[in-house]
Amino acid sequence: MLPRLIVGNWKMHKTVQEACELVQAVLAVLKLPQHVEAAVAPPFTALHAVGEVIAGSPLRLAAQNVCWETEGAFTGEISPHMLHALGCQYVIIGHSERRRLFGETDAMINKKVKAALQSALSPILCVGETFEEREAGDTEQIVQRQTVQGLEGISPEDLQRVTIAYEPVWAIGTGLAATTTQAEAVHQMIHETLRHRWGESGAHVRILYGGSVTPANAPELFQSAHINGALVGKACLDPDAFAMIIRTA
Ligand code: PGA
């Protein structure tokens with residue numbers, strides 16, 4: 001069983017200096033239990049500086065997005081190779097904000113996942129349904145499609161370096177987290193889908209829950225053996241709250 005993984009997604013917050021202050025504050029209160037991994041995902045501009053602050057600590061570095069190309073004429077893009085050279089271990093791919101606001105499709109996301117794996121990064125593939133899709137009873141179909149198409153062509157060996165984050169869109173930034181029962185049902189369904197497609201290695205893929213995770217709801221969420229960690233947005237900008245969620249894991 002892989003350790004639980006807690007990732008703080010800082011989104012578009014913090015200048016370089018503010019980022020260093022935040023991560024120092026996290027380190028000051030961080031108690032990383034055994035069998036728990038933790039990572040922070042600052043914006044691209046702060047990756048280098050944050051990487052220097054956390055060097056030698058148990059905190060890992062993650063990026064929030066990546067290009068599928070290695071180098072070349074791709075103005076404004078950052079390659080997996082560049083992230084790896086900065087010390088990133090993880091990269092979040094296909095976050096619902098990228099899908100919804102920046103037009104990322106399952107095909108683009110699949111190229112990013114493959115490129116990340118080729119550069120020895122561990123992709124965190126985000127999947128999740130909107131409120132309307134859940135209301136229409138389409139959760140399973142949507143999440144299955146995002147999972148299977150996002151991971152199309154990945155070998156069972158490479159799958160072992162993939163993490164999935166189930167993030168219902170209606171729970172992100174709304175304060176309305178999924179219940180443990182709701183999350184657990186989808187996590188189980190994702191594990192079954194992976195096992196069906198990739199065999200036993202599918203059963204060992206970590207599935208994080210994301211969407212309004214707080215120190216208050218983390219204890220209940222982590223009671224489920226199917227919830228292998230969390231992708232934390234708002235609460236990770238508060239060092240005490242982030243450290244508390246990690247301790248709860
Ligand atoms: P939230 O964001 O914790 O603020 O809901 C989670 C995410 O978008 O990853």
Side-chain angles (χ1 to χ4, degrees), residues 4-14 18-19 22-23 26 37-44 46-47 50 59-66 88-104 109 112-113 116 121-131 133-134 139 142-143 146-147 150 162-180 182-183 186-187 190 206-222 224 227-249:
R4 274 200 164 127
L5 172 63
I6 311 298
V7 183
N9 175 10
W10 295 13
K11 308 196 181 186
M12 198 172 72
H13 291 287
K14 308 295 173 188
E18 290 164 351
L22 172 57
V23 81
V26 170
E37 257 186 77
V40 287
F44 284 134
L47 279 173
V50 168
L59 263 187
R60 317 272 169 110
L61 195 61
Q64 299 176 19
N65 184 23
V66 69
C88 285
Q89 181 171 341
Y90 292 101
V91 56
I92 300 167
I93 295 179
H95 189 281
S96 69
E97 285 148 21
R98 304 264 357 136
R99 294 178 189 260
R100 188 166 47 88
L101 303 171
F102 302 101
E104 289 195 12
I109 289 162
K112 292 180 179 210
V113 169
L121 293 169
S122 296
I124 300 171
L125 169 67
C126 300
V127 300
E129 80 289 357
T130 63
F131 178 74
E133 288 161 347
R134 175 166 281 264
T139 299
I142 296 289
V143 171
Q146 291 174 341
T147 304
V162 172
T163 299
I164 295 196
Y166 169 56
E167 297 206 305
V169 181
W170 47 269
I172 296 176
T174 59
L176 187 81
T179 64
T180 305
Q182 284 172 324
V186 178
H187 286 219
I190 296 172
R206 273 186 294 198
I207 305 179
L208 317 182
Y209 167 76
S212 298
V213 175
T214 64
N217 58 29
E220 222 216 292
L221 286 164
F222 291 144
S224 167
I227 298 180
N228 312 121
L231 184 51
V232 184
K234 187 159 178 264
C236 80
L237 298 174
D238 171 347
D240 293 313
F242 188 54
M244 179 69 89
I245 293 168
I246 291 169
R247 224 169 303 147
T248 308

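Indexing begins at 1, ligand by ligand and atom by atom, following the structure's order.
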- Message: Working note: H95 + E167, criterion side-chain hydrogen bond (donor to acceptor under 3.5 Å, both in side chains); need CA distance, chi angles, decisive distance, verdict.
- Response: CA-CA 8 Å; H95 189 281; E167 297 206 305; 3.2 Å; yes

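A cation-pi contact links R98 to F102, judged by a cut-off of 6.0 Å to the six-membered ring centre and 45° from its axis.
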Please give the N or O to N or O pairs under 3.5 Å between ligand 1 and the protein, distances rounded to 0.1 Å.
| from | atom 1 | to | atom 2 | distance (Å) |
| --- | --- | --- | --- | --- |
| ligand 1 | 2 (O) | K11 | NZ | 3.4 |
| ligand 1 | 3 (O) | S212 | N | 3.4 |
| ligand 1 | 3 (O) | G233 | N | 2.8 |
| ligand 1 | 4 (O) | K234 | N | 2.8 |
| ligand 1 | 5 (O) | G173 | N | 2.6 |
| ligand 1 | 5 (O) | S212 | N | 2.7 |
| ligand 1 | 8 (O) | K11 | NZ | 2.7 |
| ligand 1 | 8 (O) | H95 | NE2 | 2.7 |
| ligand 1 | 9 (O) | H95 | NE2 | 3.3 |
| ligand 1 | 9 (O) | E167 | OE1 | 3.3 |
| ligand 1 | 9 (O) | E167 | OE2 | 2.7 |

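Looking only at distances, a side-chain donor or acceptor of R4 sits under 3.5 Å from a matching main-chain atom of I227.
By the side-chain hydrogen bond (donor to acceptor under 3.5 Å, both in side chains) test, W170 pairs with E129, sequence neighbours left out. Under the rule for a ring-ring contact (aromatic ring centres under 6.0 Å, His included), Y209 has no partner lying at least two apart in sequence or in another chain.
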Let me check something: any side-chain donor-acceptor pairs from residues 235-246 under 3.5 Å, sequence neighbours excluded? List them with distances.
| from | atom 1 | to | atom 2 | distance (Å) |
| --- | --- | --- | --- | --- |
| D238 | OD1 | D240 | N | 3.0 |
| D238 | OD1 | A241 | N | 3.3 |

